[in-house]
> 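Questions regarding the structure given below will be posed in turn.
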There are 2 protein chains.
Amino acid sequence: MINPWAMKMEQFTRFTPHERARLDALLVGRQRSHAVHADIIAEGAHSDHCHVLLSGIACRYTILPDGERQIMAFLVPGDLCDAEIFVLKRMDHAIGALAPCTTAMIPAGEMKTLLREVSRVSEALWWGTMTDLAVLRERIVDHGRRDATERLAHLLYEMLLRYRMVGQTDGETFDFAITQTDLADATGLTPTHVNRVLQRFREEGLIALRSRRLTVVDPPRLMRIGRFSANYLHLERTLSGDPAVRDRVGDLIDYPAVDYPIDARQGELR
Amino acid sequence: MINPWAMKMEQFTRFTPHERARLDALLVGRQRSHAVHADIIAEGAHSDHCHVLLSGIACRYTILPDGERQIMAFLVPGDLCDAEIFVLKRMDHAIGALAPCTTAMIPAGEMKTLLREVSRVSEALWWGTMTDLAVLRERIVDHGRRDATERLAHLLYEMLLRYRMVGQTDGETFDFAITQTDLADATGLTPTHVNRVLQRFREEGLIALRSRRLTVVDPPRLMRIGRFSANYLHLERTLSGDPAVRDRVGDLIDYPAVDYPIDARQGELR
DNA sequence: CGCGCCTTTGACAGTTTTCAAAAGACGTGG
DNA sequence: CCACGTCTTTTGAAAACTGTCAAAGGCGCG
């Protein structure tokens, strides 16, 4: 059985066969599918179940008073949607499906039991939360100090890496159902501008994107253009861990460090 | 003894006198002071101590390869600087003092014991982490969908609220040692532009800022201009809790909801 | 085959950035 | 108590990413 949730945690820890079986069992018979554009969890909702995304792609978002949507994070298979239910009364944002998705709904009680009994899972949850924080901080860097080109390059590269972690890529190609409007709402740009930048990427032979499949043709250059550094994802244990797990992402995060030229910002891609 | 850390957690939970005494005891004899511009924790560092900010103001930041600094969050008294040390090998960002600060360094071992033995603290830590996530998400909304004026108004209002939570304000006045350059690095604007916006705020009688003390002269309007809604801070327990705790922030978060006009963005303040 | 959603294109407007440079503030040492 | 260097705040004018507003072109799907 494919269990992206366990696969993600394996980037941090190593489960015994018994633990792994328990994680798998937790998902059985609790699957639910969600249509595109449906809310997996509504803003203001309170549930006594945790939602784990198993397939598809979703986002955390909020609608501002003037009707604009801001996407605050993308969720890929393996991501936990609502760790906050353990302590907060209600969701302060919504989780929306950007493509048809399936989730597993785990009763909060069972999750708490699991966390109490299997310390490795409890640590992995903590690791996942700390990584979520780091990803959000990185997004702030994107918005604050990177221009449109860098921002999109950085985001695309991160997505490739995150899909790789849970084994849902075919080399440098993966399902990419995110529309340019979604990207705009996530990056704080306009769809128009996102379009212009992506076209440029294609012209330059950096990526290929057709019928919702994205291929990163030139990963090292995309990484360079996005000024991407993987350290914020905290995969240090990955590189020294199980070879099978390491190989899922290894080649994407150990490009030699590059000294970025201080000049050459706008216009020319690097 | 003033214990902003406990005061912050009291926004979420209610400690017994014994628990409170234990929290106080943990800080005794572990204070350390930090000069302006000094790193409280360096990027890449690993420590076996947790750092709690007790006074002053600090920030999470990182320096990009081209030398630019991005501030990802401000830390006010009561905030925990490095919850990640429990699971991550090294800090992926630094904590810097923006004014003279004092911190308490708590050995990780003692912290873990505390978390194991006092479930209310453990829950409060989880709440604090979820709130940190929410604050970061709100910052992303700032960057993505709010212009310079809204962004700064929002930030100033949030700071007032957070200082209030830990009892370090005098009405609507509080220490504000953050320079305009700091604000620029946090908001993703240039110091020049920050300056122009702040001047506008002063002209309009919204705020008064002199000799590092900030007074919010017209809180409701500042809230409106920043399109501020307190729900992301998850103070729902505050409003229904201990009156003494509630009164610290109560008047700032229950202004009547306003229907924002869809027009009137740039130029005119609301 | 037709509708609906997503992607492209264009021209123009406009916050924000750049790049300097001057004026204030503040703390220290003489 | 004043000189003096340093850091912060102000100001100006011009450049420029990115946004706005429409409208047309593609593509998938029932």
Side-chain angles (χ1 to χ4, degrees), chain A residues 35-38 57 66-70 97-100 142-152 175-203 207-214 262-269, chain B residues 35-38 66-70 96-100 142-153 176-203 207-214 262-269:
Chain A
V36 201
H37 296 155
I57 182 157
D66 60 1
E68 284 184 300
R69 176 180 70 161
Q70 174 68 44
L98 296 175
D142 277 347
H143 287 218
R145 296 281 171 235
R146 298 201 246 257
D147 64 26
T149 302
E150 296 168 334
R151 220 179 285 177
L152 279 166
D175 286 325
F176 196 79
I178 307 176
T179 68
Q180 295 183 3
T181 305
D182 296 333
L183 285 175
D185 284 344
T187 54
L189 301 167
T190 54
T192 305
H193 205 63
V194 169
N195 181 2
R196 293 197 249 257
V197 173
L198 288 185
Q199 268 179 255
R200 184 81 187 281
F201 283 175
R202 272 180 296 206
E203 284 167 16
I207 63 171
L209 177 56
R210 54 184 188 290
S211 57
R212 325 252 102 160
R213 295 274 292 173
L214 174 65
I262 304 200
D263 46 77
R265 296 256 318 178
Q266 312 303 338
E268 293 306 301
L269 265 52
Chain B
V36 201
H37 296 155
D66 61 2
E68 285 184 300
R69 175 179 71 163
Q70 174 68 45
L98 297 174
D142 277 347
H143 286 218
R145 295 282 171 232
R146 297 200 248 258
D147 65 25
T149 302
E150 296 169 334
R151 219 179 287 176
L152 279 165
F176 195 79
I178 308 176
T179 68
Q180 295 184 1
T181 305
D182 296 333
L183 285 175
D185 284 344
T187 54
L189 301 167
T190 53
T192 305
H193 205 58
V194 168
N195 179 310
R196 294 198 243 259
V197 173
L198 288 185
Q199 268 179 257
R200 185 79 187 281
F201 283 175
R202 271 178 297 204
E203 285 167 16
I207 64 171
L209 177 55
R210 53 183 188 291
S211 57
R212 325 254 102 156
R213 294 274 293 174
L214 174 65
I262 305 200
D263 46 75
R265 297 253 322 176
Q266 312 304 339
E268 291 307 300
L269 265 49

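Because the structure is a prediction, the values reported are computed rather than measured. By convention in this document, chain letters (A, B, ...) are assigned in the order of the sequence lines, proteins followed by strands, and residues within each chain are numbered from 1. Below, all heavy atoms of this structure are taken into account, side chains as well, without hydrogens, waters or symmetry copies.
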> Could you go step by step and tell me if B/Leu152 and B/Leu189 meet the side-chain contact (heavy atoms from CB on, under 4.5 Å) rule?
CA-CA 10 Å; B/Leu152 279 165; B/Leu189 301 167; 4.3 Å; yes
> In this structure, how many angstroms lie between the C1' atom of D/dG19 and the NE2 atom of B/His143, rounded?
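Whole-Å distance recorded here is 18 Å.
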> Check the distance between D/dT9's P and B/Ile207's CD1 and give it to me in whole angstrom.
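Computing the B/Ile207:CD1 to D/dT9:P distance gives 12 Å.
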> Verify the contact: side-chain N or O of A/Arg145 to OP1 or OP2 of C/dT17, cut-off strictly under 4.0 Å; return yes or no.
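For A/Arg145, the contact criterion (side-chain N or O under 4.0 Å from OP1 or OP2 of C/dT17) is not met.
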> In whole angstroms, how far is the C1' atom of D/dT6 from the NE2 atom of B/His37?
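Computing the B/His37:NE2 to D/dT6:C1' distance gives 11 Å.
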> Look only at the side chain of B/Arg151 and the backbone of B/Arg146, and say whether a donor-acceptor pair between them is shorter than 3.5 Å.
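Side chain of B/Arg151 to backbone of B/Arg146: a pair is present.
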> If the condition is side chain to side chain contact (heavy atoms under 4.5 Å, CB included), which residues does B/Arg202 pass it with, not counting sequence neighbours?
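Side chain to side chain contact (heavy atoms under 4.5 Å, CB included) list for B/Arg202, sorted by chain: B/Gln180, B/Leu198, B/Gln199, B/Ile207, B/Leu209.
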> By the 4.0 Å heavy-atom rule, please label B/Arg151 as base, sugar-phosphate, or nothing.
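The answer is nothing, as B/Arg151 stays clear of every strand by at least 4.0 Å.
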> Restricting to side chain to side chain contact (heavy atoms under 4.5 Å, CB included), what partner residues turn up for A/Asp182, sequence neighbours left out?
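Scan of A/Asp182 (side chain to side chain contact (heavy atoms under 4.5 Å, CB included), adjacent residues dropped) gives A/Arg69, A/Ile71, A/Leu98, A/Ile178, A/Thr179.
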> Can you tell me how far apart OG1 (B/Thr187) and CD (B/Glu150) are? Round to the nearest 0.5 Å.
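Output value for this atom pair is 13.0 Å.
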> Got a sec, which residues hit salt bridge (Lys or Arg N to Asp or Glu O under 4.0 Å) with B/Arg196, two or more places apart in sequence or on another chain?
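Counting only residues at least two positions away or on another chain, B/Arg196 forms no salt bridge (Lys or Arg N to Asp or Glu O under 4.0 Å).
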> Protein-nucleotides 28-30 of chain D N/O pairs closer than 3.5 Å?
none

> OP1, OP2 of C/dT8 versus side-chain N and O of A/Arg202: anything below 4.0 Å?
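Looking at the OP1 and OP2 atoms of C/dT8, one of them is under 4.0 Å from a side-chain N or O of A/Arg202.
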> State, to the nearest 10°, the angle formed by the axis through the first five base pairs of the helix from C/dC1-D/dG30 to C/dG30-D/dC1 and the axis through its last five.
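Between the first-five-pair axis and the last-five-pair axis there is 40°.
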> Mind calculating the distance between CG (A/Leu183) and P (D/dG19) to the nearest angstrom?
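Rounded to whole Å, this separation is 13 Å.
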> Quick one: which of C/dT9, D/dT8, C/dT7 gets closest to the side chain of A/Gln180?
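From the listed options, C/dT7 comes nearest.
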> Using whole Å, what does the distance between atom P of nucleotide D/dG19 and atom CD of A/Glu68 come to?
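From A/Glu68 CD to D/dG19 P: 11 Å.
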> Roughly, in whole Å, what's the span from CG in B/Leu209 to P in C/dA25?
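Whole-Å distance recorded here is 13 Å.
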> Calculate, to the nearest 0.5 Å, the distance between atoms OG1 and CG belonging to B/Thr190 and B/Leu183 respectively.
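The distance works out to 12.0 Å.
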> Quick one: pull up CZ in A/Arg145 and CD in B/Glu68 and give me the separation to the nearest 0.5 Å.
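The distance works out to 5.0 Å.
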> Do A/Gln70 and A/Asp185 touch side chain to side chain, with heavy atoms closer than 4.5 Å?
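A/Gln70 does not reach A/Asp185 side chain to side chain.
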> Roughly, in whole Å, what's the span from CZ in B/Arg69 to C1' in D/dC7?
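In whole Å, D/dC7 C1' lies 13 Å from B/Arg69 CZ.
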> Looking at every non-hydrogen atom in both residues, tell me the closest pair between A/Ile57 and A/Ala177 and how far apart they are.
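Looking at all heavy atoms of both residues, the shortest contact is CG2-CB, 4.4 Å.
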> Decide side-chain contact (heavy atoms from CB on, under 4.5 Å) for A/Thr149 and A/Phe201; before the verdict, give the C-alpha distance in whole Å, the side-chain angles of both, and the deciding distance to 0.1 Å.
CA-CA 9 Å; A/Thr149 302; A/Phe201 283 175; 3.7 Å; yes
> Using whole Å, report how far CZ of A/Arg200 lies from C1' of D/dC17.
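Answer to the nearest Å: 13 Å.
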> What parts of residues 188-198 of chain A reach DNA chain C, counting only heavy atoms under 4.0 Å away?
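Result for residues 188-198 of chain A: A/Thr192, A/Asn195, A/Arg196, sorted by number.
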> Quick one: on DNA chain C, does A/Arg212 or A/Gln199 contact a more 5' nucleotide (nearest heavy atom)?
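That would be A/Arg212.
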